[in-house]
Amino acid sequence: MNKKLAWGFFGLYLALFGSYCGLELDTYVTDLPFFQASTLVLFLNILCVVLAPVAVYLLFASIPRLWRRRAVRVAVRTLGAVYFHFILFLAVYKSVRKVDFDFYFMWYNLADTLPALWKLFAPWFPVVLLLIALFALFQKHAYAPLVRRLEHAPRSLALGLGGVIALSALSQAMTIDSVRGSASGFVYSSFLSDRSLRDEYAALYGRHIERLRSETPRPGARFSPGALGDAVFVVKQESLSGLLTGSRVTPELMRAARDGVLFPRTYGNAVQSLRGYECVLCGVPPGAAGALVDEYAPEEIGKLTCLPEVFRSLGYRTLYFFGGSHNPRIVRFARSTGFDEVLSDEIMRPGDTRFDWGYREDIFYRRVFEHLDTHCAGEKVFVFLDTGATNHTPFEVLDEALLDRIPYPEPETFEERLSNTTFVQDAYFGLCYDLFRERFGARGSLVAVSDHSWPIPAHENNIYNERGAWEENFLISLLFVPPGGDGRFAAGAEVPERFSQMDLLPTMLDLLGMEHAGLLGESFAPWLLVDGARAKPAKAKLSIQPYGGGYISLVRYPEKFLFDVLGRDVAVYDLARDPGERSPAGGDLEEYLPLIRSFFALP
């Protein structure tokens, strides 16, 4: 290849180099002035990231006995190409999501992440492989001027390139807690940050789980095993934000609320479905790392007190209906917590409409009740309905029959898109509720509760549930509908107090007249009863954002204490005066750490 063409490739490499740096800088400065000291520091910091493959390439090229081997050259160029695409992925991810890619987000959700990524990006996989191959070939020609320079002046090139990389690495090491690019942010948040707070939380959590495994519920003086009727349903609502609950977006939920008690501002304790199920069904706080089903063996989980096992012990047939194909983690969790059966594809019919995230809910609900009519007639049942094909990312309305009913026919904002899919999900819930009332209304109870919230976003760029720990990331709604005609229960009430998913298990046990000393949640049963002794929540409400470095939210309304696991500091909010969480007071971690310890302490 002639020198002009080689210099052309080198110029193209510099253009790619500049584009990467520009993307990093643009992501960092956002609305800040571009020319500032921290911008220059960031530019210096990322030089070591983009120059590292160049340095490795030249290092091997300077060793003739190695470089003459074709396998070495191919390996160096291939690894350089993969490295470039990886750091480009990290940069694009941060640019889009405004948060560093968290290794643990992928690792602890690998069983779900890989199929989802494959489903979304499989068509692009050959393209990515082609780009990596082309970049591997491209390096040979792009680096040719540098290789010639290396042959003629190895010392000056080594000192110049090595000096820049060393200075960049030193600068990044000194400023990594405040100024870092996407690649350094990935390494820091995943592997290098101070993990003492996360480790302490994990230790408290582990001791609590061990304590729960040795505790069992027992009948109390008010034991009433049939208090909730012959059929108890828990209907999971996907990503239902408490901030969207109302007559415009969730009219069917509001209609059902006339028969029961609505908690429009309840805390989801976690940010993902399976983690939410742990809190709802087993009353445990979320872990700071992996989900319960990933951290404990089935026999260990089986020793916890969970709703399906409680109702199975009372003679109920326990059924888990899943709106997608069998998911190994879901099946393992369901079996471990006491479900007799886990049903999904086998209850569906050929031709039933299915989206990327599962069967369309209205069809799924019809198949569930058809199955119950055929196989469970006359039996006492505890049913968990897990479906969420509609109100799921990318939040697009897929049912054309409902396009003329959605609240925002031409959505312009993310909140409007989320409102539309929430509305469609709610319409399907209305069908589910009618099917339930028709068959079990006089002799059954129903709980509709979201698995987790989804930001609307009330805060700029906060449109993903794996970033941020604002109230909008955690607030959901919960509806309890008692057996029809049971005069003990209130109807048409709306509770302003903020309970949490963890409180459902102690509430159910309370209504059944059972006692359990080891639970950290509290019963909201008095708010469900006509003559209940109602009081504000006595316990703090804890929610976990395990990604993006990690956050622990502890609310004693109106006080909110937000622990930044990565930064080891605490933001203190007064939610009554500052509901938008715009003006936090700063706090010292050691001063507020006893709040987390006291949360896990039993009376």
Side-chain angles (χ1 to χ4, degrees), residues 209 212-213 215-220 223-237 260 263 266 268-270 273-286 291-293 296 298 300-322 330-343 376 379-386 436 440 444-451 476 478-483 499-525 528:
I209 296 298
L212 286 180
R213 289 171 55 203
E215 296 276 352
T216 56
R218 52 194 175 279
F223 183 54
S224 178
L228 295 171
D230 294 336
V232 179
F233 278 64
V234 178
V235 182
K236 183 213 77 174
Q237 300 279 277
F263 297 79
T266 299
N269 301 109
S273 297
L274 189 53
R275 294 169 184 265
Y277 303 163
E278 304 167 3
C279 306
V280 168
L281 295 175
C282 301
V284 298
L292 190 69
V293 72
Y296 292 90
E300 294 176 307
I301 299 174
K303 294 179 181 179
L304 299 175
T305 297
C306 299
L307 283 175
E309 182 57 44
V310 169
F311 280 97
R312 185 163 67 174
S313 71
L314 298 177
Y316 288 72
R317 185 174 175 181
T318 55
L319 302 104
Y320 190 117
F321 291 94
F322 184 54
I330 292 290
V331 172
R332 190 163 68 251
F333 172 76
R335 294 291 189 189
S336 301
T337 53
F339 282 101
D340 296 316
E341 301 172 64
V342 183
L343 302 162
C376 303
E379 293 187 70
K380 296 196 301 181
V381 293
F382 174 80
V383 176
F384 186 77
L385 299 184
D386 177 5
F436 167 79
F440 306 106
S445 303
L446 179 144
V447 174
V449 59
S450 184
D451 52 352
I476 62 173
L478 182 148
L479 170 67
F480 174 84
V481 178
F499 289 91
S500 82
Q501 291 172 325
M502 288 174 56
D503 299 327
L504 182 61
L505 174 60
T507 298
M508 291 287 207
L509 293 177
D510 192 5
L511 293 172
L512 294 169
M514 303 181 75
E515 300 172 352
H516 194 298
L519 298 174
L520 298 179
E522 62 184 310
S523 172
F524 53 77
L528 307 177

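Values reported hereafter were calculated over all heavy atoms of this structure, with side chains retained and with hydrogens, waters and symmetry mates removed.
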Sorted by chain and residue number, the side-chain hydrogen bond (donor to acceptor under 3.5 Å, both in side chains) partners of Thr318 (sequence neighbours excluded) come out as Asp340

What distance do Leu528 atom CG and Leu228 atom CG have between them, rounded to the nearest 0.5 Å? 9.5 Å

Any heavy-atom pair between the side chains of Leu512 and Val310 that's under 4.5 Å? yes

Test side-chain hydrogen bond (donor to acceptor under 3.5 Å, both in side chains) applied to Tyr277 - qualifying residues, sequence neighbours left out: Lys236, Asp386

Show your working on side chain to side chain contact (heavy atoms under 4.5 Å, CB included) between Val449 and Ile476 and close with a plain yes or no. CA-CA 8 Å; Val449 59; Ile476 62 173; 4.0 Å; yes

side-chain hydrogen bond (donor to acceptor under 3.5 Å, both in side chains) with Arg213: which residues, sequence neighbours excluded? Glu210

Going by ring pair (Phe, Tyr, Trp, His ring centres under 6.0 Å), name the residues that satisfy it together with Phe440, two or more places apart in sequence or in a different chain. Phe233

Heavy-atom distance under 4.5 Å between the side chains of Ile209 and Glu300, does that happen here? no

Pairing residues for Glu309 by the side-chain contact (heavy atoms from CB on, under 4.5 Å) criterion, not counting sequence neighbours: Arg312

What pairs with Thr337 under side-chain contact (heavy atoms from CB on, under 4.5 Å), at least two apart in sequence or on another chain? Cys282, Ile301, Cys306, Pro308, Phe333, Phe339

Ring pair (Phe, Tyr, Trp, His ring centres under 6.0 Å) filter on Phe480, not counting sequence neighbours, yields Phe489

Is there a side-chain contact between Val383 and Val232 in this structure, where contact means two heavy atoms from C-beta onward sitting under 4.5 Å apart? no

Quick check for you: to the nearest 0.5 Å, what is the distance between Leu319 atom CG and Cys376 atom SG? 5.0 Å

Salt bridge (Lys or Arg N to Asp or Glu O under 4.0 Å) involving Arg332 - partner list, sequence neighbours excluded: Asp294

Roughly how far, to the nearest 0.5 Å, is the CG atom of Leu479 from the OG atom of Ser450? 13.0 Å

What residues, two or more places apart in sequence or in another chain, satisfy side-chain hydrogen bond (donor to acceptor under 3.5 Å, both in side chains) together with Glu515? none

One pair to check against side chain to side chain contact (heavy atoms under 4.5 Å, CB included): Val280 and Asn269. What are the steps and the verdict? CA-CA 9 Å; Val280 168; Asn269 301 109; over 6 Å; no

Please identify each residue that fulfils ring pair (Phe, Tyr, Trp, His ring centres under 6.0 Å) with Phe311, with sequence neighbours left out. Tyr316, Phe382

Side-chain contact, heavy-atom cut-off 4.5 Å: Met502 with Cys279? yes

CZ (Phe499) and CG (Leu478) are apart, to the nearest 0.5 Å, by 10.5 Å

Sub-4.5 Å side-chain heavy-atom contact between Met508 and Leu307: yes

Is the backbone of Phe524 close enough, under 3.5 Å, to the side chain of Asp503 for a donor and an acceptor to pair up by distance? no

Nearest 0.5 Å, please: how far is CG in Leu292 from CG in Leu274? 8.5 Å

To the nearest 0.5 Å, atom CG of Leu519 lies from atom CG of Leu304 at 10.0 Å

With sequence neighbours left out, what residues match Pro219 under side-chain contact (heavy atoms from CB on, under 4.5 Å)? Phe223

Can you list the steps and then say if Glu341 with Arg317 is a side chain to side chain contact (heavy atoms under 4.5 Å, CB included)? CA-CA 9 Å; Glu341 301 172 64; Arg317 185 174 175 181; 2.7 Å; yes

